[in-house]
Amino acid sequence: MSILEIIGGILIVIGSLFLFLGALGIYRMPDVFNRLQAGTKATTLGAMSLILGVGFLMPGWILKILIIIIFIAYSNPISSHALARAMHLRKRFMYFKNEEIDAYKEIDENNKQVK
Amino acid sequence: MKKAIILISLTILGVYLIDIFTGIGFGTQHFASGVKDAYLIGSKETLRVSNVVTSIVVNFRGFDTLGEVTVLFLASMALGGILYKKRHDVGERSVLFPSTRIVMSGAKLLFPSIVLLGAYVFIHGHLSPGGGFQGGTIIATGFLLMLITYRNYSVSHNRLSWVESLAGVLFISLGLAGYFVHDSFLANVFPEGKLNDLFSGGVIGIIYVAVGFKVAAELTGIIYTILHEKD
């Protein structure tokens with residue numbers, strides 16, 4: 001068993017752990033924003049380290065794996081941003097229903113003033 | 001009570017399924033082997049196509065594929081005919097909220113790679129899983145991304161129908177070429193080449209490229225028409 005295989009195995013275990021935690025978070029969290037947080041953060045790290053672990057086990061695939069990692073790092077934040085913004089525009093607030101706490105609104109208004 | 005009924009009916013279904021599947025016996029011959037062997041061996045030996053499904057869809061059953069493409073064409077045309085009337089009084093598409101700059105630049109960067117993936121899928125249709133329909137659908141999803149991200153993104157209907165018509169004409173003219181050379185519609189008129197080569201399988205690769213362009217143009221037209229409908 002070479003050192004590369006050991007590193008790859010450890011990375012795969014870490015990745016699957018994070019993916020499991022992400023799934024658990026989606027199941028357990030109370031509202032959309034919390035679920036998005038659990039889902040995107042955990043799956044970004046989880047999927048990346050899992051695929052990187054596969055890259056350590058199969059050194060020939062490293063180029064494709066780098067492309068996949070770039071794609072995940074690129075598409076996951078954008079899609080979660082769009083989902084969260086859509087939910088915010090639909091007036092879905094946090095589960096405790098405190099409409100005074102709305103940090104994004106201030107950012108949005110600042111943006112409008114800049115434009 | 002409900003759960004008990006569901007459980008009992010599922011048990012009955014499961015017993016019947018197990019009964020059926022144990023009777024088959026995996027790895028043994030149960031069906032008439034003539035047709036199967038003709039397809040499996042014929043696609044590798046005579047057509048030199050490594051994807052057996054593609055060889056069946058495009059060559060052995062090529063005429064059916066022409067019918068399927070025609071069905072898709074008629075569906076998109078009928079949708080356009082139904083929805084087109086309402087478009088005269090629509091100046092601009094009504095969008096509730098415009099996308100942010102993050103989504104816009106992300107979609108702009110992602111669009112070429114989606115189109116590239118779709119083109120790869122339908123160009124390699126005879127070598128790997130995928131084909132014209134799948135590749136065309138992937139390209140149409142790229143256009144869908146651009147259409148829902150940019151409010152003013154427009155696809156030229158003229159250009160779409162040109163692409164669609166040229167692809168259809170290519171398909172039918174390849175079929176007619178087979179008819180004139182080998183006396184049967186969609187017969188192979190090009191050299192077969194080597195197995196697992198990009199230029200192998202004769203007309204199959206070219207037909208799948210045509211199908212890919214046609215499906216992409218049709219689905220993009222359907223998406224465009226639906227998104228621009230005013231309700």
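Lettering follows sequence order; numbering is per chain, from 1.
- Note that the CD1 atom of A:I67 and the OG atom of B:S113 stand 10.5 Å from one another [nearest 0.5 Å].
- Atom-to-atom distance recorded for B:L109:CG and A:I78:CD1 is 7.5 Å, nearest 0.5 angstrom.
- Taken from NE2 in A:H81 to OG1 in B:T100, the straight-line distance is 2.5 Å, to the nearest 0.5 Å.
- Counting non-hydrogen atoms of other residues, nucleotides and ligands closer than 6.0 Å to OH of A:Y74 gives a total above 12.
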Would you tabulate the side-chain donor-acceptor contacts of residues 126-138 of chain B under 3.5 Å, counting partners in other chains and residues two or more places apart, or write 'none'?
residue: B:H126; atom: NE2; partner: B:L198; partner atom: O; Å: 2.8
residue: B:S128; atom: OG; partner: B:H124; partner atom: O; Å: 3.2
residue: B:Q134; atom: OE1; partner: B:G131; partner atom: N; Å: 3.4
residue: B:T137; atom: OG1; partner: B:F133; partner atom: O; Å: 2.6

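- In this structure, chain A has a heavy atom under 4.5 Å from the backbone of B:S105, while its side chain stays farther away.
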